[in-house]
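In what follows, every heavy atom counts, from backbone to side chain, and hydrogens, waters and symmetry copies are set aside.
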Amino acid sequence: AESMQKQLVHLREKIIPRAEKRIKRASYFSQRTLEGLSEHNTVMLNYLNLKNELVNLRLEYEKTIAELFALTGESLKEHRP
């Protein structure tokens, strides 16, 4: 569960912001050339894949935490912020 949490934080705080910066750069070039438009398309698809990965990882993390609490008998509501 800790490694999943680290992955979530890394994706959310490092990878996604870098991808957003790349989108801005790619959108500038997409207006100039056909090759730039192709690059923009690739960047957007990669960004969407990263966002999808973030959602899937979050779901897996939540499921793992719920299973851990079920095994230990603790209430999940007590540990939520």
Check: Between Glu39 and Arg22, is there a salt bridge with N-O shorter than 4.0 Å?
Finding: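 Glu39 and Arg22: salt-bridged.
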Taking only Lys NZ, Arg NE, NH1 and NH2, and the carboxylate oxygens of Asp or Glu, determine whether Glu20 and Lys24 approach each other closer than 4.0 Å.
no
Sorted by chain and residue number, the side-chain contact (heavy atoms from CB on, under 4.5 Å) partners of Met44 (sequence neighbours excluded) come out as Ile23, His40
Arg18 meets the side-chain contact (heavy atoms from CB on, under 4.5 Å) criterion, sequence neighbours left out, with Lys14, Ile15
Quick check: is Leu50 connected to Met4 through a chain of hydrophobic side chains (ILVMFWY, heavy atoms under 4.5 Å apart)?
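In one cluster with Met4: Leu50, yes.
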Same cluster or not: are Leu68 and Leu8 linked, directly or through other Ile, Leu, Val, Met, Phe, Trp or Tyr residues, by side-chain heavy atoms under 4.5 angstrom apart?
yes
Euclidean distance, [Y] [atom2] relative to [X] [atom1], rounded to 0.5 Å:
{"X": "Glu60", "Y": "Ile65", "atom1": "CD", "atom2": "CD1", "answer": "11.5 Å"}
{"X": "Asn56", "Y": "Glu53", "atom1": "CG", "atom2": "CD", "answer": "8.0 Å"}
{"X": "Asn46", "Y": "Lys51", "atom1": "CG", "atom2": "NZ", "answer": "14.5 Å"}

field: Thr42 (side chain) donor-acceptor with Ser38 (main chain) under 3.5 angstrom
entry: yes
Arg58 vs Glu62, salt bridge (charged side-chain N to carboxylate O under 4.0 Å, His left out): CA-CA, chis, key distance, verdict: CA-CA 6 Å; Arg58 179 65 188 218; Glu62 292 288 336; 2.8 Å; yes
Closest heavy-atom pair, Leu54 versus Arg12, reported as atoms and distance to 0.1 Å, is CD1-N, 4.3 Å
Practice prompt. Flag yes if more than 12 heavy atoms outside Leu34 fall under 6.0 Å of its CG atom; otherwise flag no.
Written response: no
- Got Leu59 and Lys63 here, is their nearest side-chain heavy-atom distance under 4.5 Å?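 In short, these two side chains do not touch, never coming nearer than 4.5 Å.
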